[in-house]
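Counting starts at 1 for both ligands and their atoms, in listed order. Please read all numbers here as calculations on a predicted model, not as lab measurements.
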Amino acid sequence: MNPEFSICVYCGSRPGEQTSHTAAAQAVGAWIGRNRGQLVYGGGRTGLMGTVAEATRAAGGRVVGIIPKALVDRELANTLCDELHVVDTMHERKAMMGERADAFVALAGGIGTFEELFEIWTWRQLGYHDKPVGILNTGGYYDALLGFLGHSVREGFMSDWQMGLIRSGDEPSALLEALQEEARRHPGGDKLAEVL
Ligand code: AMP
C-alpha cells in the first residue's frame, strides 16, 4: 500500500485523566485509516500513543513506529507496527519522524509531546521543512498554552508569522483535513537530512 498521506502524531505516553483524550486519539486513528493514510509516531504502546496506533491499524491504516533502542530495552515498543524502526538515539528518531511525515499533529500529552511539537515548529520557522503543524486542542487542553503564546506575540518575542505556522482545532477530522490540504499546497521534500 502506498499511503496517500503520512501524518506524524505526537501524544502522551499516558492516557490522561479525561476519557475525551482517548476518544480523540481513536478518532485520529480512524481518520488515518479511512483516508488510506499512514501514522508515523514514537512507536510506544502505552497511553494515547498505543491508542492512536491501535485505532489506525483497526481502521486499515499503516503504522510506522520509530523508537530509540533505550526504550525498546524497557519493553515499551509496539510490536503491532507495520514498520518498527529501532534507532540509536532520540535525535535520530526525531529526524526520521520528521522525514517520514507530510504533516505533524500534537494531541494531548506531557513534556515529551511539548518538546516534539516545539522542535518541529522551530524547524519549520528555520526553513528546515515546510510541512504543516497542528495542535488538536481536545477539551481545551491547550487553551492555556495558546493563551501564553499569544502573550509572547504581544510582548514582542514571537511574530504573527511564526504563530501562523501552526494551526489548532478541537475537531479531529476537520483539523486533519486542513493539515492534509495544506500539505498538498506545500508539496516537495525537506532539508532535514541535510541540516540535522
Ligand atoms: P509524553 O508526552 O511526555 O508522555 O511523551 C510522549 C512523546 O515522547 C511521544 O510523542 C513519544 O515520541 C515520546 N515518548 C515518550 N515516552 C515514550 C515511550 N514510552 N515510548 C515511546 N515514545 C515515547
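Using a 4.5 Å heavy-atom threshold, the side chains of Pro172 and Trp31 count as separate.
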Margin query: Using the rule given for salt bridge (Lys or Arg N to Asp or Glu O under 4.0 Å), can you reason through Glu119 versus Arg124, listing the C-alpha separation, both sets of side-chain angles and the distance that settles it, and then say yes or no?
Written below: CA-CA 9 Å; Glu119 183 170 65; Arg124 192 179 189 195; over 6 Å; no
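Residue Gly42 has at least one heavy-atom neighbour below 4.0 Å for each of these atoms of ligand 1: 12 (O), 21 (C), 22 (N). Ligand-side atoms of ligand 1 in range of Gly12: 2 (O), 4 (O), range being under 4.0 angstrom from any heavy atom. Listed by number with element, the atoms of ligand 1 under 4.0 angstrom from any heavy atom of Gly109 are 2 (O). The atoms of ligand 1 that sit less than 4.0 Å from any heavy atom of Gly44 are 20 (N), 21 (C).
Residues Tyr10 and Leu39 do not share a hydrophobic cluster, defined by chaining ILVMFWY side chains whose heavy atoms lie under 4.5 Å apart.
Ranking protein heavy atoms by distance to atom 18 (C) of ligand 1, first place goes to Leu71 CD1, 3.8 Å. Looking only at heavy atoms of the protein, atom 5 (O) of ligand 1 is closest to Gly112 CA, 3.4 Å. The closest protein non-hydrogen atom to atom 19 (N) of ligand 1 is Leu76 CD1, 3.4 Å. When only non-hydrogen protein atoms are considered, atom 12 (O) of ligand 1 lies nearest to Glu116 OE2, 2.5 Å.
A side-chain donor-acceptor contact under 3.5 Å links Lys131 to the backbone of Ala101.
Under a 4.0 angstrom heavy-atom cut-off, Arg93 registers as being in contact with ligand 1.
Nearest residue to atom 6 (C) of ligand 1 from Cys11, Cys8, Gly16 is Cys11 (criterion: closest heavy atom). Atom 2 (O) of ligand 1 has its nearest heavy-atom neighbour, among Leu48, Ile111, Thr113, Leu117, in Thr113.
Using a cut-off of 4.0 Å between Lys/Arg side-chain N and Asp/Glu carboxylate O, Lys94 and Glu116 are scored as not salt-bridged. In summary, Glu181 and Arg184 engage in a salt bridge, as defined by a charged side-chain N under 4.0 Å from a carboxylate O.
Residue-environment remark: CZ (Arg34) exceeds the threshold of 12 foreign heavy atoms within 6.0 Å.
Rounding to the nearest 0.5 Å gives a distance of 12.0 Å between CD of Glu182 and CD of Gln180.
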